[in-house]
Chemist: 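Dropping the structure in here first, questions after.
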Amino acid sequence: MKKFKTNIKCGACVAAVKPEMDKLENTKWEVDLSHPERILTIQGEVSADRVTKALEKAGYRGEEI
């Protein structure tokens with residue numbers, strides 16, 4: 001499991017990243033919008049670099065914590 005601090009702010013933002021995040025095969029992900037740092041948790045075998053690139057492609061940023 002990996003966790004990322006993101007700039008995803010709302011449900012519409014989650015919807016915007018969903019297509020790119022869903023391309024990361026064999027993973028499950030969720031964003032905790034109630035956390036001040038909007039933590040993205042991803043489960044599965046995927047590199048932090050691939051997650052960061054998927055977020056950037058959708059127009060958002062993420063930093064592994």
Side-chain angles (χ1 to χ4, degrees):
M1 177 172 35
K2 292 181 173 58
K3 292 185 180 270
F4 296 81
K5 180 171 57 172
T6 71
N7 65 334
I8 296 171
K9 294 180 173 47
C10 64
C13 298
V14 172
V17 300
K18 183 175 177 15
E20 292 303 323
M21 296 304 294
D22 286 348
K23 289 178 185 176
L24 300 174
E25 56 280 334
N26 301 317
T27 62
K28 286 177 56 176
W29 63 277
E30 66 178 353
V31 179
D32 182 355
L33 294 176
S34 65
H35 192 284
E37 294 184 331
R38 309 301 198 242
I39 301 300
L40 163 68
T41 303
I42 188 160
Q43 297 177 0
E45 296 297 318
V46 64
S47 70
D49 187 54
R50 284 190 64 205
V51 174
T52 303
K53 282 189 166 80
L55 287 169
E56 288 173 356
K57 194 168 182 182
Y60 294 89
R61 292 186 311 274
E63 176 185 333
E64 188 173 18
I65 54 174

Chemist: I need the L33 CG to T6 OG1 distance, nearest 0.5 Å.
Modeler: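 Those atoms lie 8.0 Å apart.
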
Chemist: Looking at V31, V51, T27, which one forms a side-chain contact (heavy atoms from CB on, under 4.5 Å) with M21?
Modeler: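 Passing option: V51.
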
Chemist: How many angstroms lie between atom NZ of K53 and atom CG of D49, to the nearest 0.5 angstrom?
Modeler: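 Rounded to the nearest 0.5 Å, the NZ-CG separation comes out at 3.5 Å.
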
Chemist: Got I42 and F4 here, is their nearest side-chain heavy-atom distance under 4.5 Å?
Modeler: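 Yes, close enough: below the 4.5 Å cut-off.
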
Chemist: Looking at every heavy atom in both A48 and K2, which two are closest together, and how far apart are they?
Modeler: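 For A48 versus K2, the nearest heavy atoms are N-CE, 3.7 Å.
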
Chemist: Do I8 and L55 make a side-chain contact, defined as non-hydrogen atoms from C-beta onward lying under 4.5 Å apart?
Modeler: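 I8 vs L55: side chains touch.
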
Chemist: Once side chain to side chain donor-acceptor pair (under 3.5 Å) is applied, do any residues pair with R61, and if so which ones, sequence neighbours excluded?
Modeler: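 Result, side chain to side chain donor-acceptor pair (under 3.5 Å) vs R61: none returned.
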
Chemist: With sequence neighbours excluded, what pairs up with K57 under the side-chain contact (heavy atoms from CB on, under 4.5 Å) test?
Modeler: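 K57: side-chain contact (heavy atoms from CB on, under 4.5 Å) contacts with E20, K23.
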
Chemist: Identify the heavy atoms of A54 and L24 that sit nearest to each other, and give their distance.
Modeler: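 That would be CB-CD1, 4.3 Å.
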
Chemist: Nearest 0.5 angstrom please: I65 CD1 to L40 CG, how far?
Modeler: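 That separation rounds to 9.5 Å.
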
Chemist: Sequence neighbours left out, what pairs pass side chain to side chain donor-acceptor pair (under 3.5 Å) with at least one residue falling in residues 38-48?
Modeler: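 Every pair satisfying side chain to side chain donor-acceptor pair (under 3.5 Å) with a residue in residues 38-48: K3-T41.
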
Chemist: Applying side chain to side chain donor-acceptor pair (under 3.5 Å), can you list everything that pairs with K28, at least two apart in sequence or on another chain?
Modeler: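 If we apply the side chain to side chain donor-acceptor pair (under 3.5 Å) test to K28, skipping adjacent residues, there are no hits.
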
Chemist: Going by the rule salt bridge (Lys or Arg N to Asp or Glu O under 4.0 Å), which residues pair with K18 if we only count those two or more places apart in sequence or in a different chain?
Modeler: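 Scan of K18 (salt bridge (Lys or Arg N to Asp or Glu O under 4.0 Å), adjacent residues dropped) gives D22.
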
Chemist: Mind checking side-chain contact (heavy atoms from CB on, under 4.5 Å) for N26 and listing every partner two or more places apart, or none if nothing turns up?
Modeler: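 By the side-chain contact (heavy atoms from CB on, under 4.5 Å) rule, N26 matches no residue at all.
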
Chemist: Which pair of heavy atoms, one from A16 and one from A58, lies closest together, and at what distance?
Modeler: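 That closest heavy-atom pairing would be O-CB, 3.9 Å.
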
Chemist: Do the side chains of I39 and Y60 join up, straight or via other hydrophobic residues, at under 4.5 Å, putting them in one cluster?
Modeler: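 As far as the 4.5 Å side-chain criterion goes, Y60 and I39 are not connected within one cluster.
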
